[in-house]
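In what follows, a single structure is set out as structure tokens and then discussed.
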Number of protein chains: 2
Amino acid sequence: MEEATTDGRVLRGEATRERVLDAAERLFAAEGFDAVSIRRIAAEAGVTLGVVGFHGGSKQKLFRTVLERRVEALNAARRARLAELRAQDVPLEMRDLVDGYLTPYLDQASRGDPQWRAYARLIARIVSDDRWYPEVGGLYDPVAQEYLDAMHELRPEVPRRELVTALTLTVASMLSLVASRARIAGLSGREAGGPMDYRETLITFCLGGIEAVAARGR
Amino acid sequence: MEEATTDGRVLRGEATRERVLDAAERLFAAEGFDAVSIRRIAAEAGVTLGVVGFHGGSKQKLFRTVLERRVEALNAARRARLAELRAQDVPLEMRDLVDGYLTPYLDQASRGDPQWRAYARLIARIVSDDRWYPEVGGLYDPVAQEYLDAMHELRPEVPRRELVTALTLTVASMLSLVASRARIAGLSGREAGGPMDYRETLITFCLGGIEAVAARGR
DNA sequence: GTCTATATGTAGATAGAC
DNA sequence: GTCTATCTACATATAGAC
């Protein structure tokens, strides 16, 4: 994991910046913004304090950089799913929209790159926090609006604010599973698996919830 | 708000302890454990640093005291609702259980004592956090188990772990509304009200979700 | 029960050597 | 680009006067 060095000097050029951002991502995801010092980020990244300042700027700016680094990839995955659905011959269904919005995120939260898993946990930690919404809202809301448009096409008789609430509760449910399965484990008396183990139940729950809200708002 | 003092000495006996816990509750709720120093709690409470240490012990212990202070009242409200429902002549319905679990908390989050509102936001902040679940799980899970028992009576054919997941997602949805309505406001382009303004939609969503999970698990 | 004072450590940020 | 050193501020915790 550590690049070979013989004299204590580590010259890795551009890669160092990534190491700093990766370390910040892991620690912020695991413990939150306030619990993590830039000194610990430096130690985790295997660099000195000054290096973090050089690449990341202030702690706040470093945090924002970490948030923004992966936004486009996730937005693109969700948009691609929506485009696929619209290109199909069969009519759009609400279940497809729920699946299309949730699955790219659950995928990243469950498998592949551990840094993506950390990022997913970080997002789960802050999206429903007034303090950070101004930082992240603008990053993810445009794609959410596109899904809301599609939901509105399917249920044009439902007031949009009801769809907004239903989608927001859907996202909250999704994020809660990524943030922690500890309570499920505690209440059910068994080990909880990863977020992907709950995908089917989550989609069923959220779809049922959205349909119920839509039916009432008719 | 400030008791009259003439000499800088404030002798309020037992009330001081409450002031310290109230101040801690407000600040922890608004900004989280790590963002708040006991110095700020002291300032908020209008006491000196040593007083907080005297009444609260360590920061961790102070936090736990704040958490535990209101648990019994909330548990009692939920148990009273469940007892009422069981005492009725009409058969138990799933909607009553959802309402019985959510409404006492939403009540406290929306009206009355501002300290109760703060406590509700504090709980919302930590229940789905691995770091704090060991501190709060044991406080709220027994009542959750009683509601799960009632849910299981209504749908005995559904595996209990599915009911656990559905109830946990229900709670996550509820907590997200108490923690922040900022995203709903941002996505819908209008001011968000208090948590109680979303009670009907929330209950409809969660009930629809639970019924859908139960129907699939049959 | 409340105060002051302080011990001891860590925080964020940056200047300047290499 | 990276390191060391340091400034300034604030953290938790507690001892001991009143």
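Letters go in sequence order (proteins before strands), and every chain restarts at 1.
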Rounded distance in Å - [atom1] ([X]) to [atom2] ([N]):
X	N	atom1	atom2	answer
Ile41(A)	dT10(C)	CD1	P	17 Å
Leu49(B)	dT14(D)	CG	C1'	10 Å
Lys59(A)	dA13(C)	NZ	P	8 Å
Arg39(A)	dT8(D)	CZ	C1'	12 Å
Phe63(A)	dA13(C)	CZ	C1'	19 Å
His55(B)	dA13(D)	NE2	P	17 Å
Ile38(A)	dG12(C)	CD1	C1'	5 Å
Arg17(A)	dT2(D)	CZ	P	12 Å

Check the phosphate of dT2(C) against Thr16(B), side-chain N and O only, distance under 4.0 Å to OP1 or OP2. Yes or no? yes
Is the phosphate of dT4(D) approached by Thr48(A) (side-chain N or O, under 4.0 Å from OP1 or OP2)? no
side-chain contact (heavy atoms from CB on, under 4.5 Å) involving Leu49(A) - partner list, sequence neighbours excluded: Ile38(A), Arg39(A)
Sub-4.5 Å side-chain heavy-atom contact between Phe33(B) and Arg131(B): yes
Can you tell if the side chain of Pro104(B) reaches within under 4.5 Å of the side chain of Arg81(B), non-hydrogen atoms only? yes
Is there a residue in residues 25-37 of chain A whose heavy atoms reach under 4.0 Å of DNA chain C, and which residues are they? Val36(A), Ser37(A)
Under-4.0 Å salt bridge between Arg121(B) and Asp130(A): no
Does Arg69(B) pair with Asp22(B) as a salt bridge, N-O distance under 4.0 Å? yes
The nucleotide from dA5(D), dC3(D), dC3(C) with an atom nearest the side chain of Val51(A) is dC3(D)
Look at the side chain of Phe54(B) and decide which nucleotide, out of dG1(C), dC3(D), dC3(C), has an atom nearest to it. dG1(C)
All N/O donor-acceptor pairs, side-chain side in residues 182-195 of chain B, below 3.5 Å, sequence neighbours left out:
from	atom 1	to	atom 2	distance (Å)
Arg183(B)	NE	Asp141(A)	OD1	2.9
Arg183(B)	NH2	Asp141(A)	OD1	3.0
Ser188(B)	OG	Ile184(B)	O	2.7

Might you work through the side-chain contact (heavy atoms from CB on, under 4.5 Å) test for Glu31(A) and Asp34(B), ending with a clear yes or no? CA-CA 10 Å; Glu31(A) 305 183 31; Asp34(B) 296 304; over 6 Å; no
